[in-house]
Amino acid sequence: MDHSADAQRTDLMTITRFVLNQQSNHPESRGDFSILLSHIVLGCKFLCSAVNKGEEQKKLDVLSNDVFIKALVSSGRTCILVSEEDEEATFVEASKRGKYCVVFDPLDGSSNIDCGVSIGTIFGIYLIKEDHEPTIEDVLQPGKNMLAAGYCMYGSSCTLVLSTGSGVNGFTLDPSLGEFILTHPDIKIPKKGKIYSVNEGNAKNWDDPTTKYVENCKYPRDGSSPKSLRYIGSMVADVHRTLLYGGIFLYPADKKSPNGKLRVLYEVFPMSFLMEQAGGQAFTGNQRALDLVPKKLHERSPIFLGSYEDVEEIKALYAAEE
């Protein structure tokens, strides 16, 4: 037996160890946040296993929501949960209540399950002030107030990408250990990318700036090489590739969906939070995405996110329209 190799395998930065290390930077912390995250991680492990068993979409949609609601409530650290699957927010009973609100899409891209495309869970965490009974207003905060955000992608491997407000880190599930191991420390998105990601099937309904931007990706006027198009149609997979390789992901408003298609609280905000933390940008077509103040739980917004310079270009096109 190769004991040195085994010893090496035990000195791994697991997600639990990583979060506890970060906690030690905050002496005032009581560990509540670490406990909440460990419950989210457990939900992700459970779903990873369920997705790999090949359950059908309908079952998985319901199962994923139940798993996360139960995991979050049982942590004893949450007070309000907002899920893409539920019309109304879930208010946690007083005996199990904590100080965090969690907004999440339990299984984003689930229509892709049956053809084997990567899907995932997206989540964001807010802190509420403890001096009052929780209300829906506690969740309707701008994305810049989020404490943490992340997603877990169930694909060729199970990858959890997390930011607690000081950079972005990626963890991969080691099935033999049942642990998420730090594999992508301090992810930084390239300043400029070679890929654009958009559903071009909607092109006839786009506004002028989006049309001009995509035209410029394909036929650059400055003599540079055209960008490559990559579009999976599963937000977690498209954003994950954008984060690692650079470029831009866009889901603009169009004539059919004047407010865009993606939901602000549990799609736009967490992904924008991660992009900014990795050195990129996120823009709605008229403002920084994280400055948006949602008026309702399932509000939608257009979104352009990715490499800093690529998002600058689309911002300039919108500014020229005004």
Side-chain angles (χ1 to χ4, degrees), residues 15-16 19 32-53 55-93 96-113 118-128 134 136 138-139 143 146-155 158-164 171 173 178-180 234-237 239-240 262-271 273-274 297-298:
I15 194 163
T16 312
V19 168
D32 289 343
F33 186 68
S34 306
I35 290 166
L36 171 59
L37 271 176
S38 72
H39 281 251
I40 290 174
V41 166
L42 182 64
C44 292
K45 286 180 187 172
F46 188 99
L47 272 191
C48 181
S49 161
V51 167
N52 287 337
K53 283 181 189 145
E55 294 277 10
E56 59 192 53
Q57 180 194 342
K58 262 210 179 82
K59 267 192 192 156
L60 271 177
D61 272 339
V62 175
L63 176 72
S64 60
N65 196 42
D66 288 351
V67 163
F68 270 93
I69 298 275
K70 289 196 171 85
L72 292 166
V73 171
S74 68
S75 74
R77 301 298 184 275
T78 59
C79 54
I80 310 171
L81 311 176
V82 176
S83 166
E84 189 269 341
E85 288 288 320
D86 296 327
E87 200 54 47
E88 303 293 328
T90 299
F91 287 88
V92 179
E93 59 181 277
K96 293 181 179 166
R97 198 177 284 164
K99 57 185 176 180
Y100 297 104
C101 302
V102 183
V103 293
F104 61 99
D105 186 343
L107 210 55
D108 190 78
S110 59
S111 60
N112 288 310
I113 287 172
S118 297
I119 52 179
T121 301
I122 308 173
F123 60 89
I125 302 170
Y126 289 107
L127 182 63
I128 72 153
I136 217 71
D138 287 312
V139 190
M146 272 185 177
L147 276 194
Y151 59 81
C152 187
M153 184 172 73
Y154 315 113
C158 182
T159 309
L160 197 150
V161 173
L162 174 71
S163 175
T164 53
F171 303 81
L173 185 63
E179 287 280 9
F180 278 101
S234 168
M235 190 191 193
V236 172
V239 169
H240 186 65
L262 298 176
R263 273 67 54 105
V264 172
L265 276 177
Y266 41 78
E267 290 176 322
V268 170
F269 279 170
M271 294 310 202
F273 186 92
L274 290 167
L297 290 183
H298 301 287

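Fair warning: this is a prediction, and the values are worked out from it, not measured in the lab.
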- What one should report as the nearest heavy-atom pair of L36 and S75 is CD1-OG, 4.1 Å
- Message: Heavy-atom count check: over 12 atoms from other residues, nucleotides or ligands less than 6.0 Å from F46 CZ?
- Response: no
- Heavy-atom closest pair, residues D32 and Y100: CB-CE1, 3.9 Å
- State whether the side chain of H39 and the backbone N or O of A71 hold a donor-acceptor pair below 3.5 Å, judged by distance alone. yes
- Output for pair (I119 CD1, L107 CG), nearest 0.5 Å, gives 4.0 Å
- Message: Distance check, rounded to the nearest 0.5 Å: K45 atom NZ versus I15 atom CD1?
- Response: 9.0 Å
- Query: Any side-chain heavy-atom pair from T159 and F171 closer than 4.5 angstrom?
  - Reply: no
- S163 side chain to A148 backbone, donor-acceptor under 3.5 Å: no
- Message: Quick one, Y126 and L147 - any side-chain contact, counting heavy atoms below 4.5 Å?
- Response: no
- Task: Report the distance from atom OG1 of T121 to atom CG of L160, rounding to the nearest 0.5 Å.
- Result: 9.0 Å
- Does E55 have any side-chain contact (heavy atoms from CB on, under 4.5 Å) partners at least two apart in sequence or in another chain, and if so, which? K59, L60
- Message: With side-chain contact (heavy atoms from CB on, under 4.5 Å) as the criterion, how do M271 and I122 come out once you've worked through the C-alpha distance, each side chain's angles and the decisive distance to 0.1 Å?
- Response: CA-CA 8 Å; M271 294 310 202; I122 308 173; 3.8 Å; yes
- Measure across C48 and L173 and return the closest heavy-atom pair with its distance rounded to 0.1 Å. SG-CD2, 4.0 Å
- Task: Answer yes or no: is there a donor N or O on one side and an acceptor on the other, between the side chain of S83 and the main chain of E85, under 3.5 Å?
- Result: yes
- Message: Using 0.5 Å steps for rounding, measure from the CG atom of L37 to the OG1 atom of T164.
- Response: 8.0 Å
- Gap between atom CE of M153 and atom SG of C44 - 0.5 Å precision: 12.5 Å
- Message: Which label fits F68 and F104: parallel for a plane angle under 30°, tilted from 30 to 60°, or perpendicular past 60°?
- Response: tilted
- Task: State the CZ-CZ distance between F269 and R263, to the nearest 0.5 angstrom.
- Result: 14.0 Å
- Just do the side-chain contact (heavy atoms from CB on, under 4.5 Å) check on H298 and E87 with the steps written out, would you? CA-CA 8 Å; H298 301 287; E87 200 54 47; 4.0 Å; yes
- For S118, does its backbone N or O pair with a side-chain atom of S234 as donor and acceptor, under 3.5 Å? yes
- Message: Do F91 and T78 make a side-chain contact, defined as non-hydrogen atoms from C-beta onward lying under 4.5 Å apart?
- Response: no
- Query: Does the side chain of V41 come within less than 4.5 Å of F180's, by heavy atoms?
  - Reply: yes
- Item | Validation row: P270, M146 side chains within 4.5 angstrom (heavy atoms) | yes
- Task: Please report the C-alpha distance between L265 and V139 in whole Å, then the side-chain angles of each, then the deciding distance to 0.1 Å, and finally whether the side-chain contact (heavy atoms from CB on, under 4.5 Å) criterion is met.
- Result: CA-CA 8 Å; L265 276 177; V139 190; 3.9 Å; yes
- Query: With a 4.5 Å heavy-atom cut-off, do K99 and C79 have their side chains touching?
  - Reply: no
- Message: Less than 4.5 Å apart, side chain to side chain, heavy atoms only: is that true for Y151 and L274?
- Response: yes
- Considering all heavy atoms, the nearest I80-V92 contact: N-CG2, 4.5 Å
- Step by step, work out the side-chain contact (heavy atoms from CB on, under 4.5 Å) result for I113 and Y154. CA-CA 10 Å; I113 287 172; Y154 315 113; over 6 Å; no
- Message: Give me the atom names and distance for the closest heavy-atom approach of R97 to P134.
- Response: NH1-CD, 3.6 Å
